[in-house]
Amino acid sequence: MTANVDVARLRDQFRRMNEIRAFELEAIEAAKDGRVLGAIHPSIGQEAVAVGIVGNLRRDDRLLSTHRGHGHTLAKGAEPRAMMCELFGRVGGNCGGKGGSMHIADFGVGMLGANGVVSANITIASGAAHAIKLLGDDRIVCCLFGDGAINRGPFLEGLNWAKVFALPVLFVCEDNDWAATTRTRAMTAGEGAKARAESLGIAAERVDGNDVGAVDELAREAIARVRGGEGPFLIHAVTFRHTGHTSADPGAYRPAEEVARRIAEEDPIARARAHLELAGVAAADLDADVAQVARAMAEDAAFASAQPYPDADGAFDDVQDVGSPRVMAF
Amino acid sequence: MTANVDVARLRDQFRRMNEIRAFELEAIEAAKDGRVLGAIHPSIGQEAVAVGIVGNLRRDDRLLSTHRGHGHTLAKGAEPRAMMCELFGRVGGNCGGKGGSMHIADFGVGMLGANGVVSANITIASGAAHAIKLLGDDRIVCCLFGDGAINRGPFLEGLNWAKVFALPVLFVCEDNDWAATTRTRAMTAGEGAKARAESLGIAAERVDGNDVGAVDELAREAIARVRGGEGPFLIHAVTFRHTGHTSADPGAYRPAEEVARRIAEEDPIARARAHLELAGVAAADLDADVAQVARAMAEDAAFASAQPYPDADGAFDDVQDVGSPRVMAF
Amino acid sequence: MTTYIEAGKRAVAEAMEADPTVWCLGEDLGRGGVFGQYKGLVERFGPGRVSDAPISEAAIMGVACGAAMTGTRPVVEMRFSDFALCAVDELVNQAAKARFMFGGQSKVPITVREPIGMWRSSAAQHSQSLEAWYTHIPGLVVVCPATPADNYSLLLAAIRCDDPVVYMEHKNLWPLEGEVPQEAEADPLGKARVMVAGSDVTIVSWSACVHEAAKAAEELAREGIGAEVIDLRTLWPWDKEAVLASVAKTGRCLVAHEAVAVAGFGAEIAATVAEHAVLKSPIARLGSPRAPIAYAPTMENVLRVTADKIAERVRTMTGVKAVA
Amino acid sequence: MTTYIEAGKRAVAEAMEADPTVWCLGEDLGRGGVFGQYKGLVERFGPGRVSDAPISEAAIMGVACGAAMTGTRPVVEMRFSDFALCAVDELVNQAAKARFMFGGQSKVPITVREPIGMWRSSAAQHSQSLEAWYTHIPGLVVVCPATPADNYSLLLAAIRCDDPVVYMEHKNLWPLEGEVPQEAEADPLGKARVMVAGSDVTIVSWSACVHEAAKAAEELAREGIGAEVIDLRTLWPWDKEAVLASVAKTGRCLVAHEAVAVAGFGAEIAATVAEHAVLKSPIARLGSPRAPIAYAPTMENVLRVTADKIAERVRTMTGVKAVA
Ligand SMILES: Cc1ncc(C[n+]2csc(CCOP(=O)(O)OP(=O)(O)O)c2C)c(N)n1
Ligand SMILES: Cc1ncc(C[n+]2csc(CCOP(=O)(O)OP(=O)(O)O)c2C)c(N)n1
Ligand SMILES: [Mg+2]
Ligand SMILES: [Mg+2]
């Protein structure tokens with residue numbers, strides 16, 4: 001983190017990271033007791049990427065996310081209450097309960113969808129950016145994906161496309177060292193996202209993804225360049241997931257002591273906190289921040305728990321206009 | 001070309017390149033008069049790559065090719081007569097008339113298939129190399145593809161796989177500047193095949209693909225490394241196709257004067273000939289070589305023209321053992 | 001008179017003229033596309049709206065999906081429907097489901113042009129007709145025009161449609177000539193057309209095979225058998241009412257298509273007719289045997305559903321023997 | 001007693017034991033696979049033969065195709081059948097057609113394991129049942145086991161088969177228990193099994209839905225309706241003889257499956273039965289409505305083909321009203 005910390009900004013980022021963590025902790029609880037029915041992929045440990053990158057986007061910029069997308073979605077401005085409803089499959093969810101965690105989207109804040117297919121969001125992001133170019137406005141698109149995603153074809157095809165057409169996309173590889181139960185680098189040739197992007201002539205930078213200030217700074221610069229018409233940019237953010245791959249995964253395949261060490265040394269929230277305390281912010285004030293977001297999140301979860309499930313009949317809506325299952329019933 | 005030319009070797013390469021060209025010229029004739037029924041993609045102008053690379057493979061090494069694969073197939077040792085029969089869809093074809101030009105294969109000489117889908121041969125090649133590793137012999141696999149193929153996902157996925165598993169594959173990008181009617185570089189980000197391979201940690205070299213001696217030398221070195229267990233290697237061979245994309249394509253989208261100039265300056269056969277003459281080989285002897293292969297090829301074409309079409313009924317063979325259309329007829 | 005290929009081009013041009021958010025993307029479009037379906041369009045609308053693409057079917061489809069979700073109407077060119085198999089996740093898991101998964105927050109108005117069918121000696125990777133696949137996928141509309149008039153009015157309708165439409169032109173029909181009135185308009189998707197009227201048997205077909213059915217009907221008429229040929233035009237939604245009405249009249253039904261018979265869309269129609277209609281003879285289907293398409297013409301031809309085969313099957317159904 | 005998942009693992013282990021050219025490849029196999037289907041195999045056979053893979057479905061399938069053409073027998077793990085949509089060219093244009101295109105110079109003995117089906121709140125991209133697609137593709141064999149015994153004997157048969165086999169296990173069946181005799185062997189592919197005998201109606205089904213059909217048959221038996229449940233087991237080739245023999249006895253036929261009804265494989269069976277059998281009531285089908293699978297349980301459940309729905313349909317067919 002740079003020497004002259006903007007304390008107010010960091011305090012805000014600290015709050016936002018805690019909001020994400022509180023959301024994930026509530027969601028994990030709810031997954032344990034069965035209120036969340038599908039799989040969820042918590043982003044605990046990766047909050048600095050969500051806040052540092054997405055916090056620099058305009059509300060009308062577009063965001064494409066992954067299966068591990070709660071943090072990105074919150075950072076883009078989606079309401080935690082609606083998101084909790086979506087995870088619980090209840091009325092009031094952002095997608096009306098049709099999508100759940102892996103397909104959450106909030107077009108109102110420019111969040112165009114998590115994705116259940118690894119890497120698939122990359123070409124869609126280039127498409128959203130292509131539309132921006134055709135329609136002639138100055139939005140940008142931000143597309144986040146994991147380190148495992150760079151071994152699928154859409155990574156190459158989507159990045160090549162964005163560069164060839166000089167599109168306004170900020171690609172962000174959230175490199176948390178693991179892809180499900182596999183250490184990603186064991187299945188990845190070469191140095192990874194940054195090197196691959198550069199081989200396509202795309203400007204790319206690596207950053208400590210657990211240092212919210214560093215991510216913030218790089219993101220601001222990169223976004224300015226992308227919005228300025230320089231074409232795509234890739235940020236390779238190195239981070240770590242604290243939990244298992246899903247909330248149901250104990251993560252036994254990872255050396256326990258390595259996990260413990262990395263959490264102790266790299267936790268982005270603890271690091272931000274240390275900086276804030278060093279800058280003179282009272283520990284009690286920070287504790288109050290944490291308690292406040294946790295309380296709010298608990299309220300949202302309680303709210304969601306009290307919502308009804310959607311009408312079964314809704315399953316036939318929003319399939320298609322022509323040849324809808326409402327009309328062509330069997 | 002290096003100073004101390006091995007004249008006998010170059011003379012042999014000259015003959016082989018002429019054999020390929022004669023084959024293509026016969027095939028183009030036959031396509032014009034309707035004996036070849038499907039599309040063919042002549043490799044005229046690219047013979048140095050076929051001869052220089054494939055000529056260094058062992059007969060039991062494996063080769064995967066593309067839609068523009070006649071030259072590769074001949075260089076691997078397939079009989080032109082059988083290939084002509086295949087192009088004409090006649091009895092005696094390598095694939096019994098089922099495949100035609102775009103699916104020609106000759107497993108007997110290790111040629112595992114042309115491919116009608118751009119880039120699809122790349123992962124198949126990595127698979128053939130994976131089998132070699134599992135079965136534990138010292139063959140290698142050679143996979144050729146065009147400059148257009150590097151923008152499809154299988155290029156990334158297949159190369160990543162080969163590197164991760166340290167497989168014996170020689171990848172060869174035959175960069176002829178064009179993909180159908182499009183100048184490839186207009187649709188390609190970055191520097192192309194070599195740069196992309198290197199970003200995956202794969203050793204790669206660029207070579208003048210119209211200089212058969214240079215290709216030969218690099219191929220020998222690369223093949224030794226691949227066979228020696230160093231993992232995959234990529235050769236980026238720069239060449240030029242003299243004809244249209246298919247035999248039916250007049251190629252009007254290419255500047256005529258650029259085409260004429262590149263043919264005049266870069267034709268690999270003319271260049272080999274100049275070297276041979278400089279080294280003291282009599283022009284008449286070279287003319288005799290050319291005439292001889294042309295005569296042989298004309299005979300093969302005549303032979304193929306006289307063969308019957310295969311039995312219609314053969315359409316139901318070699319589909320599958322279980323649930324074959326012979327048994328499960330409609 | 002205009003050709004099937006020109007009629008399609010006219011539809012694209014008029015759609016682009018009327019709506020600045022319509023654009024085309026695909027390989028080689030700047031030089032008119034591989035069959036010339038886009039010839040002249042880049043000169044008229046510029047390379048931004050008639051866009052070349054790298055050989056990246058997955059990107060073409062994925063980009064179109066993303067661009068369709070955000071205010072444009074892409075016309076995707078897949079060159080051969082076989083190559084669309086390189087972009088199935090993008091079409092089936094993404095474009096077809098996005099509107100639903102996101103609870104209606106966005107629609108995905110893309111038209112995916114996928115030329116289908118056998119085309120002399122194009123062999124196994126350039127000849128497939130996989131329309132049945134897309135009819136099985138919720139969210140997709142599937143259109144298979146058989147005439148120039150339809151290739152105009154249905155393509156126009158497809159581009160205007162807010163759903164992802166898989167639009168399958170038959171390569172053998174490109175040069176087919178027919179009338180496309182100057183004042184022609186977009187046709188509603190999902191309506192069949194009675195191509196030949198008849199009272200003894202209903203032949204349901206689509207795409208190029210419709211013309212084989214019509215030829216068969218001509219021959220059968222000479223033999224005194226009245227075959228009604230229904231051109232389905234749109235496979236999803238398909239015009240159940242039109243088919244059942246015809247079958248109610250004729251009491252017999254044959255479904256004929258070029259695709260593999262097993263699990264072809266003919267099965268869906270045959271099953272539906274069998275479920276709902278009272279028949280004088282069992283429902284019948286004709287399609288390709290379950291074999292890849294061979295290169296040599298002899299082996300390729302044996303897979304074709306021809307007028308002769310259709311007529312022969314109808315004769316069996318109606319109990320009439322062919323005149324020797 | 002053993003579980004469906006363990007039975008599958010036993011088949012893989014025995015196939016690997018017997019034939020050193022059999023190997024497995026897929027993401028996370030080194031830690032036993034995402035459902036634990038490969039647990040312990042890497043310890044037993046080493047990481048060379050139970051190979052991890054990058055997240056590269058296209059490469060996994062393409063590599064398997066190349067390795068199968070050159071002397072090995074790969075078992076491909078696709079994790080969820082939905083992800084196999086990232087590898088369709090490799091399976092359909094390459095593996096399924098290679099033997100044919102090359103005139104029989106090589107076979108492609110791969111077994112592609114594609115877990116299918118709804119699994120509580122997995123939503124639209126992790127729940128599909130696309131077996132119908134693969135039945136439509138020449139060259140492919142399609143297997144859908146419903147019991148532990150079958151998941152042993154059919155998986156063994158699939159691995160030994162020289163053709164590319166799409167092998168679809170149902171995720172909801174993983175914990176299902178059943179007898180798998182120690183002396184069990186590979187079963188021939190293409191043979192159905194009568195799961196419940198009955199004389200009033202034939203219910204044809206496969207995969208998890210078979211168990212719904214059996215439950216329905218139990219309930220119907222209490223009402224005096226004899227439902228014969230046929231578990232198809234293999235969809236291509238499917239056991240036409242067994243189905244037609246049963247229908248000849250019962251005179252009624254309902255096909256029930258979890259997949260979307262429109263253009264589902266039920267259409268093929270229904271059409272074939274209608275073509276060949278004399279029926280007392282029209283052929284009938286049950287499948288999912290043509291809608292993507294929703295996350296919320298209420299909306300997900302409405303798409304399910306349940307024992308209740310099957311029984312209700314049978315009652316309509318047999319003209320019997322349910323007891324109130
Ligand atoms: C195409 C595809 N293959 C496999 C999966 C299963 N899967 C879900 S998440 C995941 C790991 C992804 O790793 P990474 O991209 O690094 O993201 P992370 O989970 O670490 O955030 C896998 C293999 C999938 N969803 N899609
Ligand atoms: C997946 C796929 N997309 C498109 C095509 C159509 N096509 C055939 S050859 C070709 C150009 C290939 O260019 P390149 O790879 O450079 O090879 P070259 O023809 O120059 O030898 C195209 C686009 C195809 N066969 N497969
Ligand atoms: Mg990761
Ligand atoms: Mg090229």
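Chain naming here is simple, since letters A, B, ... match the order of the sequence lines and numbering starts at 1 in each.
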J.: Has the side chain of A:Asn160 got a donor or acceptor atom that lies under 3.5 Å from a matching backbone atom of B:Asn151?
T.: no
J.: State whether the side chain of A:Glu157 and the backbone N or O of B:Gly153 hold a donor-acceptor pair below 3.5 Å, judged by distance alone.
T.: yes
J.: In residues 170-186 of chain A, which residues are in contact with chain B at a heavy-atom separation under 4.5 Å?
T.: A:Ala186
J.: What are the residues of residues 196-209 of chain A, in order of number, with any heavy atom under 4.5 angstrom from a heavy atom of chain B?
T.: A:Arg196, A:Ser199, A:Leu200, A:Gly201
J.: Looking only at non-hydrogen atoms, find the nearest pair between A:Thr188 and B:Val164 and report the distance.
T.: N-CG2, 3.6 Å
J.: B:Ile150 and A:Leu156: which non-hydrogen atoms are nearest, and at how many Å?
T.: O-CD2, 3.4 Å
J.: Can you find a pair of side-chain heavy atoms, one from A:Phe165 and one from B:Met187, that are under 4.5 Å apart?
T.: yes
J.: Between B:Glu191 and chain A, with a heavy-atom cut-off of 4.5 Å, which part of the residue counts as in contact: side chain, backbone, both or neither?
T.: backbone
J.: Picking from A:Ala189, A:Ala195, A:Gly190, A:Gly192, which has the most non-hydrogen pairs under 4.5 angstrom with chain B?
T.: A:Ala189
